[in-house]
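Written below as structure tokens is the structure these notes are about.
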Protein chains: 2
Amino acid sequence: MKDLIVESAKKYFSRFGFHKTTMEEIAKNIHKSKGVLYYYFKNKEELFNEVLKQELSCIKTELSKIMMSKNDSLVMLKEYILIRLKLLYKTVNYHETLKADFFEKYYFVKDVRDDFTKFERIQLTTMLKKGKDEGYLNVIDIDSTVDVILMVVSGIEIPLFLQNKYDEYEDTIEELSEMIANSLRMQKNKLFQVLLTQKHKQ
Amino acid sequence: MKDLIVESAKKYFSRFGFHKTTMEEIAKNIHKSKGVLYYYFKNKEELFNEVLKQELSCIKTELSKIMMSKNDSLVMLKEYILIRLKLLYKTVNYHETLKADFFEKYYFVKDVRDDFTKFERIQLTTMLKKGKDEGYLNVIDIDSTVDVILMVVSGIEIPLFLQNKYDEYEDTIEELSEMIANSLRMQKNKLFQVLLTQKHKQ
DNA sequence: ATTTGACTATTTCCGTTTTTCGGTCAAAGC
DNA sequence: GCTTTGACCGAAAAACGGAAATAGTCAAAT
């Protein structure tokens, strides 16, 4: 029953948004009385958060797969950024949470969003650490680099998702991910410095 | 008289915002009748745009100075980004124009904003071209790289300016500018390749 | 050419009324 | 005992109409 409710809610929240969707219509859609929604969920906000959590959980799963691949960390980083934006673009309810930055009536999504940010921070930190250990990445302070990446990808969400510019900016996003990766690429001159020193000694 | 009006308007718009500022109080501040405002400006929107234009004009002047410096293009690029954000942070009326992304009642600021973006595009393009010609920058497509930079710096304006996170993110911004510059840095391995070849021949 | 201030038109504000909707829970159903 | 219903309540939102405020106007004055 709970799943049925969440599915119905997902459908309506995605289409009409949190505020325009009524509990009555969510219930009617599954031929139930509205009271049953409150048997399983404390209130409308909790139902929305459950929908959101499930959607973000799917995205987390997909993003985690990137960590499993055999690609080097720069490729993984690029993929992470691109796939992240692509999946979130498809998650309409997530777009609505961006409005929490402006409207107090979205206060209740904060925890779910913070949880997702935490997940992201862990993923990125792991990725950068791996790249650093492998010698591919040149990162001095992993935490602050993660801050930058998060700030950048979050910053572009509003134009991309709320202003529907994702398609327009698809190439630019691709290049952005390239630039971010490139900015962290270990300079190969260090290798050649070693080689040069050896040649000089011979 | 026109300057007097603009100065008075700047003071009130900055403090109370466009919508909360009345033409009456702008006029009273300079001991004039409200009707004189309409002699010089078509309407309230035009007056606001004039204020905005003048403020952005000062910023354009400061940013243009960066082009005059003797620094290499990477340093200039970093400075451009940092100074840009810093100056815009101080321009309260500009912050208000960011709301145009959400509220239709700010439709009238579009042209002034587009003009500023054009200016920026020219500056960045010039800078990148110079860096490419000097051999400092590794840029394949200048236009699309400029797109990325603009998208990124614009993206972070809302958290920084509208959510007052500039101070909190000051270090992150610094690192962002470093990363952007770094992503475009010409790989020095090419230089060492040449040197290595010469040593090998000797 | 510039400024004023009375005036108009439009917008905003405010208090009241009506409607909607989130939430409740005793009773019914399984 | 668990689950569901549907009548009900109170709070919030929406609608309404009138008052107040404000943007804009323009003939007259300077």
Side-chain angles (χ1 to χ4, degrees), chain A residues 1-54 93 96-97 99-100 102-112, chain B residues 1-54 93 96-97 99-100 102-112:
Chain A
M1 176 53 59
K2 193 166 180 175
D3 289 341
L4 217 52
I5 298 172
V6 173
E7 282 310 306
S8 181
K10 188 180 296 185
K11 177 179 171 181
Y12 278 83
F13 285 145
S14 296
R15 177 134 179 233
F16 299 108
F18 175 78
H19 293 288
K20 285 291 184 182
T21 297
T22 66
M23 296 299 263
E24 183 78 51
E25 57 194 347
I26 291 171
K28 279 282 164 59
N29 182 52
I30 54 176
H31 310 293
K32 291 295 171 184
S33 153
K34 167 174 76 162
V36 76
L37 304 190
Y38 293 94
Y39 182 78
Y40 292 94
F41 299 94
K42 183 182 169 193
N43 51 36
K44 193 179 180 181
E45 282 84 358
E46 189 178 291
L47 178 54
F48 184 83
N49 271 336
E50 182 60 33
V51 171
L52 188 59
K53 265 195 262 178
Q54 286 193 15
N93 287 319
E96 196 157 11
T97 71
K99 296 177 189 172
F102 300 97
F103 304 106
E104 289 190 3
K105 57 185 182 177
Y106 286 98
Y107 68 92
F108 60 92
V109 300
K110 185 179 178 337
D111 288 346
V112 179
Chain B
M1 175 53 60
K2 192 164 178 174
D3 289 342
L4 219 50
I5 297 172
V6 173
E7 281 311 305
S8 182
K10 187 179 295 185
K11 178 179 171 181
Y12 279 83
F13 284 144
S14 298
R15 178 136 176 230
F16 300 109
F18 175 78
H19 291 287
K20 284 290 183 181
T21 297
T22 66
M23 296 297 263
E24 183 78 53
E25 56 194 350
I26 292 171
K28 278 280 163 61
N29 182 52
I30 54 176
H31 311 292
K32 292 294 171 184
S33 151
K34 167 175 75 164
V36 75
L37 305 189
Y38 293 94
Y39 182 77
Y40 291 93
F41 300 94
K42 182 181 168 192
N43 51 37
K44 191 178 180 183
E45 282 83 359
E46 191 180 289
L47 178 54
F48 184 82
N49 272 335
E50 182 61 35
V51 170
L52 189 60
K53 266 196 260 179
Q54 286 194 14
N93 288 318
E96 197 157 11
T97 70
K99 295 177 189 173
F102 300 95
F103 304 107
E104 290 190 3
K105 58 185 183 180
Y106 286 97
Y107 68 91
F108 60 92
V109 301
K110 185 182 179 339
D111 288 346
V112 179

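Just so it is clear: chains get the letters A, B, ... in the order the sequence lines come, proteins before strands, and each one is counted from 1.
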Hey, can you pull the donor-acceptor pairs under 3.5 Å for the side chains in residues 14-21 of chain A, sequence neighbours left out?
residue: A:Ser14; atom: OG; partner: A:Lys10; partner atom: O; Å: 2.7
residue: A:Ser14; atom: OG; partner: A:Asn93; partner atom: ND2; Å: 3.1
residue: A:Thr21; atom: OG1; partner: A:Tyr12; partner atom: O; Å: 3.0
residue: A:Thr21; atom: OG1; partner: A:Gly17; partner atom: O; Å: 2.7

Outermost nucleotides of DNA chain D that come under 4.0 Å of a non-hydrogen atom of chain A: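 Using the under 4.0 Å cut-off, the span is D:dC2 to D:dG6.
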For [X], report the nucleic acid contact type (base, sugar-phosphate, nothing); a contact means any heavy atom under 4.0 Å.
X: A:Tyr40; result: sugar-phosphate
X: B:Glu45; result: sugar-phosphate
X: A:Glu46; result: nothing

B:Glu50 (side chain) donor-acceptor with B:Glu46 (main chain) under 3.5 angstrom: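 No; judged by distance alone, with no hydrogens or angles, the pair does not exist.
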N/O donor-acceptor pair under 3.5 Å between B:Ser8 side chain and B:Asn29 backbone: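 Checked: no pair found.
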Please list, chain by chain and in numerical order, all residues satisfying side chain to side chain donor-acceptor pair (under 3.5 Å) with [X], sequence neighbours excluded.
X: B:Glu24; value: B:Lys28
X: A:Glu45; value: none
X: A:Tyr38; value: none
X: A:Thr97; value: none

Check the distance between [N]'s [atom2] and [X]'s [atom1] and give it to me in whole angstrom.
X: A:Ile26; N: C:dG23; atom1: CD1; atom2: P; answer: 11 Å
X: B:Tyr38; N: C:dA1; atom1: OH; atom2: P; answer: 22 Å
X: B:Glu24; N: C:dT12; atom1: CD; atom2: P; answer: 18 Å

Heavy-atom check, side chain of [X] versus side chain of [Y], under 4.5 Å:
X: B:Glu25; Y: B:Thr22; result: yes
X: B:Val6; Y: B:Phe41; result: yes
X: B:Asp111; Y: B:Asn49; result: no
X: A:Val112; Y: A:Phe48; result: no

Terminal helix-axis angle for the helix from C:dA1-D:dT30 to C:dC30-D:dG1, with five pairs defining each axis and rounding to 10 degrees: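 Comparing the axis at each end, I get an angle of 30°.
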For A:Lys110, salt bridge (charged side-chain N to carboxylate O under 4.0 Å, His left out) partners two or more places apart: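 If we apply the salt bridge (charged side-chain N to carboxylate O under 4.0 Å, His left out) test to A:Lys110, skipping adjacent residues, the hits are A:Asp114.
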Listed partners of A:Lys2 passing salt bridge (charged side-chain N to carboxylate O under 4.0 Å, His left out), at least two apart: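 With sequence neighbours excluded, A:Lys2 shows a salt bridge (charged side-chain N to carboxylate O under 4.0 Å, His left out) to no residue whatsoever.
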5' priority, DNA chain C, between B:Met1 and A:Lys44 [closest heavy atom]: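 Nearest nucleotide further toward 5': that of B:Met1.
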Measure all distances between protein nitrogen or oxygen atoms and nitrogen or oxygen atoms of nucleotides 4-11 of chain C, and list the pairs falling under 3.5 Å.
residue: C:dT4; atom: OP2; partner: B:Ser33; partner atom: N; Å: 2.8
residue: C:dG5; atom: N7; partner: B:Ser33; partner atom: OG; Å: 2.8

Close approaches to DNA chain D from residues 4-21 of chain A, in residue order (heavy atom, under 4.0 Å):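 None - not one residue of the stretch has a heavy atom sitting under 4.0 Å from the strand.
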